Chemist: 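Please read through the structure below; I'll follow up with questions.
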Amino acid sequence: MFRALLTIAIVAGFAPGAFAQTPKKPNIIFILADDLGYGDLGCYGQKKIKTPNLDRLAKQGMRFTQAYAGSTVCAPSRCVLMTGKHTGHAHIRGNSLVPLRPEDITVAALLKRAGYVTGLIGKWGLGEPGTTGVPTKQGFDYFFGYLNQVHAHNYYPDYLWRNEDKIPIEGNVVEKNVATKRTQYSHDLFAEEALRFVEKNKAKPFFLYLAFTIPHANNEAGKLGMEVPSDEPYAKEAWPQPQRNHAAMITRMDRDIGRLLQKLQELGIDENTIVFFASDNGPHQEGGGDPFFFRSSGPLRGFKRSLHEGGVRIPMIVRWPGKIPAGETSPRVWAFWDFLPTATELAGAKTPDNIDGISVAPTLLCQGKQKSHEFLYWEFHEGGFQQAVRMGDWKAIRPKLGAPLELYDLAKDLSEEKNIADRHPDVIARIETLLQNARTDSAQWPKKAAAKKKPLNK
């Protein structure tokens, strides 16, 4: 029978391989940490915090040394990740209750159109209840977690959202976003939910956006904001308690990422799943956190809310067994707005034209010619209007509206210690030209100077 069918196929003009099974689209998992610094993982030089599973992920995949977040704070960075537009064009450019609109097209929506089951577990921050920005109206088939990013500060919430339904979390009692009774830790719930999502959808191509809130602080809890059920395995360290908790949070996340990777192996889908791991911006200084204690920014200058490298350069690891070379360290410069076109190319989905991103699939798979950005762009609106550009090894920062650009040569000055703008007027002129078309005007995010501080009454 088979020979007869093959003969018919050849006579009809089909190739002998025409009856071969169509390759299955790869599952895509993007794991996002919250306020994790460039130097917080062992594979990026961390000496005190234990991250064995993420270190192993780096050994099994490709570790990037020049990858960038979408912004230096949460909401705009996540908007950039989802929409493929940098903060000069993204609809959400700061931490404010501005929801995504129906016309904003997310990577989840594009993958869903391509036949993927799409799920978000964890923190969203791009649309409040009842708005057009909720995950289920932005391409996600399933959502479990926090909608509001301030609500996400509290690791012991008395409710979370499942799709568009408010779900009580039994045992937790909350006053002013701080738990007075602590029973269920949200990160643990997200870890279990991720395992269930993968188990349920193992036979289909799926996209899982796993947006953990670790190690963000509960800002409303003051110096007790590094919330974690246990400070193990650091309980005996002679460190300040907030730093023991901080380390314990990261190691707990690492443990649960290890469980997720093990689940992929158990289900036999490991080799058909590409896993991305990154952080949404640099390390924080709230809730008792001290980024100097662990050198959380590594060799970089600045933290969260800074456009210096420590605020926007992030750990980025990508693994796909058998497809992405294991143990590779790549200096490829890319940013969150490149994830959308990368994911759509890997999934065989249509990529929109009106985005800022460039697919880095050629770099990941070592196939084809990799396009490069002429420049990377960020803008930041807290405390006035700030801008930053990376062009080649040049990094330019405008610290406030109307101020001259600062200029750094990252190849020679990774810590951005020497402003050399006066030595390179030609470079400054070129970057100023680029900045003329780097952004579109936005009613929500206008260019404005920082408000003047009122003098103290004496």
Side-chain angles (χ1 to χ4, degrees), residues 27-32 34 69-71 73-87 89-152 160-167 190 193-194 197 201 204-213 276 278 280 335-347 349-357 442 444-445:
N27 305 312
I28 302 172
I29 299 177
F30 197 105
I31 306 171
L32 187 66
D34 198 340
S71 179
V73 291
C74 298
S77 193
R78 292 155 195 267
C79 179
V80 168
L81 180 69
M82 288 292 103
T83 64
K85 297 181 179 183
H86 62 55
T87 46
H89 298 137
H91 182 58
I92 299 173
R93 305 184 191 184
N95 277 340
S96 184
L97 299 182
V98 175
L100 289 176
R101 306 158 299 179
E103 60 264 36
D104 293 314
I105 307 300
T106 68
V107 63
L110 295 167
L111 293 177
K112 183 176 180 177
R113 293 174 191 172
Y116 278 68
V117 177
T118 57
L120 162 60
I121 296 167
K123 174 178 170 180
W124 179 234
L126 303 179
E128 295 295 293
T131 71
T132 57
V134 296
T136 48
K137 293 180 181 177
Q138 291 294 335
F140 286 100
D141 296 307
Y142 180 74
F143 165 61
F144 178 73
Y146 301 98
L147 286 175
N148 180 278
Q149 56 192 353
V150 174
H151 182 220
L160 289 168
W161 294 90
R162 177 169 281 116
N163 297 324
E164 296 184 45
D165 297 324
K166 198 173 186 178
I167 305 299
F190 297 153
E193 198 78 18
F197 180 87
N201 297 291
K204 312 165 189 174
F206 64 78
F207 168 51
L208 172 60
Y209 174 30
L210 181 53
F212 287 133
T213 54
F276 294 77
D280 65 342
F336 268 16
W337 49 98
D338 296 324
F339 172 65
L340 184 151
T342 302
T344 52
E345 180 173 346
L346 292 170
K350 180 174 174 55
T351 303
D353 295 325
N354 62 336
I355 62 172
D356 298 303
S442 168
Q444 286 94 359
W445 316 107

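For reference, positions follow the sequence shown, starting with 1. Quick caveat, the model's predicted, so the values are computed rather than measured.
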Chemist: Here's a test for you: under side-chain contact (heavy atoms from CB on, under 4.5 Å), which of Val80, Thr344, Ile28, Thr83 qualifies with Phe339?
Modeler: Ile28
Chemist: Hey, does Val107 have a side-chain heavy atom less than 4.5 Å from the side chain of Tyr209?
Modeler: no
Chemist: Applying side-chain contact (heavy atoms from CB on, under 4.5 Å) to Ile105 and Arg113, what does each step give before you reach the verdict?
Modeler: CA-CA 11 Å; Ile105 307 300; Arg113 293 174 191 172; 3.9 Å; yes
Chemist: Any side-chain heavy-atom pair from Val117 and Phe197 closer than 4.5 angstrom?
Modeler: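 The answer is yes; the side chains approach within 4.5 Å.
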Chemist: Of the non-hydrogen atoms in Pro99 and Thr131, which two are nearest, and what is the gap between them?
Modeler: CB-OG1, 3.6 Å
Chemist: Are Glu164 and Lys137 side-chain neighbours, meaning at least one heavy-atom pair lies under 4.5 Å?
Modeler: yes
Chemist: Is Glu193 close to Arg162 at the side-chain level, that is, under 4.5 Å between some pair of heavy atoms?
Modeler: yes
Chemist: Say you draw a straight line from CG of Leu111 to NZ of Lys350; how long is it, rounded to the nearest 0.5 Å?
Modeler: 14.5 Å
Chemist: Give a yes or no answer on whether the side chain of Asn201 reaches the backbone of Phe206 with a donor-acceptor pair at less than 3.5 Å.
Modeler: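 A pair under 3.5 Å: no.
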Chemist: What are the two closest heavy atoms between Ile355 and Gly84, and how far apart are they?
Modeler: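 Closest approach of Ile355 to Gly84, heavy atoms only: CB-O, 3.4 Å.
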Chemist: Can you tell me if Trp337 uses its side chain to pair, donor with acceptor, with the backbone of Ala90 under 3.5 Å?
Modeler: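 A pair under 3.5 Å: no.
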Chemist: Quick one: does Asp141's side chain have a donor or acceptor within less than 3.5 Å of a partner on Thr118's backbone?
Modeler: yes
Chemist: At their closest point, which heavy atom of Thr87 faces which heavy atom of Pro76, and how far apart are they?
Modeler: CG2-CB, 4.1 Å
Chemist: So how far is it from Trp124 CH2 to Phe140 CZ, rounded to the nearest 0.5 Å?
Modeler: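 Interatomic distance, Trp124 CH2 to Phe140 CZ, rounded to 0.5 Å: 5.0 Å.
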Chemist: Is there a donor-acceptor pair under 3.5 Å between the side chain of Ser77 and the backbone N or O of Asp280?
Modeler: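 The answer is yes, because a donor-acceptor pair under 3.5 Å joins these two groups.
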Chemist: With a 3.5 Å distance limit and no angle check, can you tell me whether Asn163 reaches the backbone of Phe143 through a side-chain donor-acceptor pair?
Modeler: yes
Chemist: Of the non-hydrogen atoms in Leu120 and Pro135, which two are nearest, and what is the gap between them?
Modeler: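 Nearest heavy atoms, Leu120 then Pro135: CD2-CG, 3.7 Å.
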Chemist: When rounded to the nearest 0.5 angstrom, what distance separates CE in Met82 from CG in Leu340?
Modeler: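 Those atoms lie 8.5 Å apart.
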Chemist: When you compare the side chain of Asn148 with that of Leu97, does any pair of heavy atoms fall below 4.5 Å?
Modeler: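 Leu97 reaches Asn148 side chain to side chain.
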Chemist: Identify the heavy atoms of Arg78 and Leu32 that sit nearest to each other, and give their distance.
Modeler: NH1-CD2, 3.7 Å
Chemist: Okay, side chain of Thr132, backbone of Leu100: is any donor-acceptor separation there less than 3.5 Å?
Modeler: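 Checking the backbone N and O of Leu100 against the side chain of Thr132, a donor-acceptor pair under 3.5 Å is found.
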Chemist: Does any non-hydrogen side-chain atom of Asn354 lie less than 4.5 Å from one of Lys85?
Modeler: yes
Chemist: Going from NE2 on His86 to CG on Asp356, what distance comes out if it is rounded to the nearest 0.5 angstrom?
Modeler: 3.5 Å
Chemist: Which value, rounded to the nearest 0.5 Å, describes the distance between Ser71 atom OG and Arg93 atom CZ?
Modeler: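 Between Ser71 OG and Arg93 CZ, I get 11.5 Å after rounding to 0.5 Å.
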Chemist: If only atom types and distance count, is the side chain of Thr106 paired as donor or acceptor with the main-chain N or O of Gln138 below 3.5 Å?
Modeler: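 Between the backbone of Gln138 and the side chain of Thr106 there is a qualifying donor-acceptor contact (under 3.5 Å).
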Chemist: Looking at CZ of Phe207 and CG of Leu346, how far apart are the two atoms once the value is rounded to the nearest 0.5 Å?
Modeler: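 Going from the CZ atom of Phe207 to the CG atom of Leu346 covers 11.5 Å.
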Chemist: Quick check: do Gln444 and Ser96 have side-chain heavy atoms less than 4.5 Å from each other?
Modeler: no
Chemist: Could you check if a side-chain atom of Cys74 sits within less than 4.5 angstrom of a side-chain atom of Lys123, using non-hydrogen atoms only?
Modeler: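 Counting from C-beta outward, Cys74 and Lys123 do come under 4.5 Å.
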Chemist: Any idea how Phe30 and Phe276 line up, ring-wise: parallel (<30°), tilted (30 to 60°), or perpendicular (>60°)?
Modeler: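 If you compare the ring of Phe30 with that of Phe276, the planes turn out parallel.
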Chemist: Write down the atom of Phe336, the atom of Ala278, and the distance for their closest heavy-atom approach.
Modeler: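 Smallest heavy-atom distance, with atoms named: CE1-CB, 4.0 Å.
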